[in-house]
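Report on one structure; see the data block that follows.
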Amino acid sequence: MKVSKLSLYTLFVAISIFASGSLYAQEAKKLFVSMPDSLCPLLTSVNRADCIDFLESKMKAEVDNRFGKKSEMTDLSKDYIRMQMSPQTTWQMKVLALSDTTKIVCAISTACAPACDSRFSFYTTDWKGLPASRYISLPALGDFLTTPDSTTIYAFEEVRNSVDLLLMKADFNKESSELTIALTTMDYLSDEVAAKLKEFYRGPVVYKWADERFVRKE
């Protein structure tokens, strides 16, 4: 069967339009509006769309949420959104590429009371849940601490054994696919124990998106 050049061209154009439409649908703002209410119970789809419209119009993107309180979109880009859901809680989402045509969504929910703690969720672009362990291995307490020398090993073990709760705050880099996780356990400890722990704290753990998962930067 012969296929005319016109038919091949028409087919190519149709495929290109479909592909570009699919990629456009995977932008953060489109995904945010289409997110099921069950995954964002504080905001309606109208709330979410209004936040985008306000921010794109260079206005303060603040709306009244379902509880009659204020929620504000503070950042919006093609692949990133950050919401200040309440004075104590934030929500971030990042669109991450698995391939040229397939993407997933990573969401970080953070609550501060007063120590901040973050939780990760991963989804397909139609908001089906994915196992977080497939895409990230979260740091342990020891990953945030410097290795003690022989003169400080006793103090190190003492303060490490006093930590019974691991709290971490995660933030996306809105300009890249990097992810930073900081230890916030010190914020709930007594001042004395927190000061001792800070002596061994070497700083946040930084990840980059590579090979379809977050991997730690060296």
Side-chain angles (χ1 to χ4, degrees), residues 38-42 65 67 69-75 80-94 96 104-123 129-218:
S38 59
L39 298 179
C40 189
L42 204 57
N65 59 43
F67 291 164
K69 305 295 184 181
K70 300 295 183 183
S71 295
E72 181 184 359
M73 181 179 286
T74 59
D75 293 281
Y80 175 71
I81 285 175
R82 182 185 183 277
M83 291 290 308
Q84 188 71 45
M85 290 295 192
S86 74
Q88 296 80 29
T89 60
T90 61
W91 185 88
Q92 302 172 69
M93 65 170 281
K94 191 81 172 180
L96 302 164
I104 62 170
V105 178
C106 177
I108 301 175
S109 301
T110 302
C112 303
C116 296
D117 193 37
S118 298
R119 292 289 181 266
F120 285 83
S121 300
F122 289 84
Y123 305 94
L130 296 168
S133 59
R134 182 187 301 172
Y135 302 105
I136 191 169
S137 296
L138 294 176
L141 177 61
D143 296 318
F144 294 103
L145 306 178
T146 57
T147 303
D149 57 33
S150 58
T151 63
T152 59
I153 185 66
Y154 176 77
F156 176 84
E157 291 298 335
E158 183 181 35
V159 70
R160 186 170 181 171
N161 291 335
S162 68
V163 175
D164 57 359
L165 185 62
L166 181 60
L167 300 176
M168 298 176 285
K169 183 176 184 292
D171 287 290
F172 289 118
N173 183 327
K174 62 183 179 182
E175 305 295 340
S176 70
S177 60
E178 284 190 356
L179 169 70
T180 300
I181 301 181
L183 182 69
T184 55
T185 295
M186 292 87 76
D187 297 333
Y188 99 95
L189 297 171
S190 66
D191 291 344
E192 180 182 359
V193 177
K196 291 179 179 179
L197 183 58
K198 286 178 181 178
E199 292 179 11
F200 299 99
Y201 182 53
R202 65 182 179 189
V205 176
V206 180
Y207 292 77
K208 63 179 180 179
W209 182 253
D211 299 324
E212 301 185 2
R213 64 180 284 113
F214 282 110
V215 295
R216 294 183 199 177
K217 293 185 67 176
E218 297 299 330

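Bear in mind the structure is a predicted one, so any value in this text is a computation, not a measurement. Side-chain atoms are counted along with the backbone in the values below, which use heavy atoms only and exclude waters and symmetry mates.
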TODO: Apply the test side chain to side chain contact (heavy atoms under 4.5 Å, CB included) to residues L145 and F156: give CA-CA distance (whole Å), side-chain angles for both, the deciding distance (0.1 Å), then the verdict.
DONE: CA-CA 9 Å; L145 306 178; F156 176 84; 3.8 Å; yes
Task: Whether S86 side chain and T89 backbone form a donor-acceptor pair below 3.5 Å - done: yes
TODO: For residues L183 and L167, report the shortest heavy-atom separation together with the two atoms involved.
DONE: CD1-O, 3.5 Å
TODO: Considering non-hydrogen atoms only, spot the tightest contact between E158 and K196 and give its length.
DONE: OE1-NZ, 4.4 Å
Open item on the list: If you count heavy atoms of other groups shown closer than 6.0 angstrom to CG of N161, is the number above 12?
Closed with: yes
Task: Side-chain (K70) to main-chain (P87) donor-acceptor, under 3.5 angstrom - done: no
Would you mind writing out the side-chain donor-acceptor pairs for residues 107-119 within the sub-3.5 Å range, not counting sequence neighbours?
{"unit_1": "T110", "atom_1": "OG1", "unit_2": "S118", "atom_2": "OG", "d": "2.6"}
{"unit_1": "D117", "atom_1": "OD1", "unit_2": "R119", "atom_2": "NH1", "d": "3.4"}
{"unit_1": "D117", "atom_1": "OD1", "unit_2": "M168", "atom_2": "N", "d": "3.1"}
{"unit_1": "D117", "atom_1": "OD2", "unit_2": "R119", "atom_2": "NH1", "d": "2.6"}
{"unit_1": "D117", "atom_1": "OD2", "unit_2": "R119", "atom_2": "NH2", "d": "2.9"}
{"unit_1": "S118", "atom_1": "OG", "unit_2": "A170", "atom_2": "N", "d": "2.9"}

TODO: Mind checking the OH-CE spacing from Y123 to M93? Nearest 0.5 Å is all I need.
DONE: 10.5 Å
- [ ] Would you name the heavy atoms of L42 and N65 that are closest together and state the gap between them?
- [x] O-CB, 3.2 Å
Task: Atom of M186, atom of A194 and distance for their closest heavy-atom approach - done: O-CB, 3.5 Å
Task: Any F200 side-chain heavy atom under 4.5 Å of T152 side chain - done: yes
Task: From R82 atom CZ to E72 atom CD, the distance as rounded to the nearest 0.5 Å - done: 9.0 Å
TODO: Please name the pair of heavy atoms, one in V193 and one in L189, separated by the smallest distance, quoted to 0.1 Å.
DONE: CG1-CD1, 3.9 Å
Task: Smallest separation among heavy atoms of R213 and I136, with atom names - done: NH2-C, 3.6 Å
Task: Any F120 side-chain heavy atom under 4.5 Å of I181 side chain - done: yes
TODO: Check the angle between the aromatic planes of Y207 and F214 and answer parallel, tilted or perpendicular using the 30° and 60° thresholds.
DONE: perpendicular
Open item on the list: Distance check, rounded to the nearest 0.5 Å: L179 atom CG versus W209 atom CH2?
Closed with: 10.5 Å
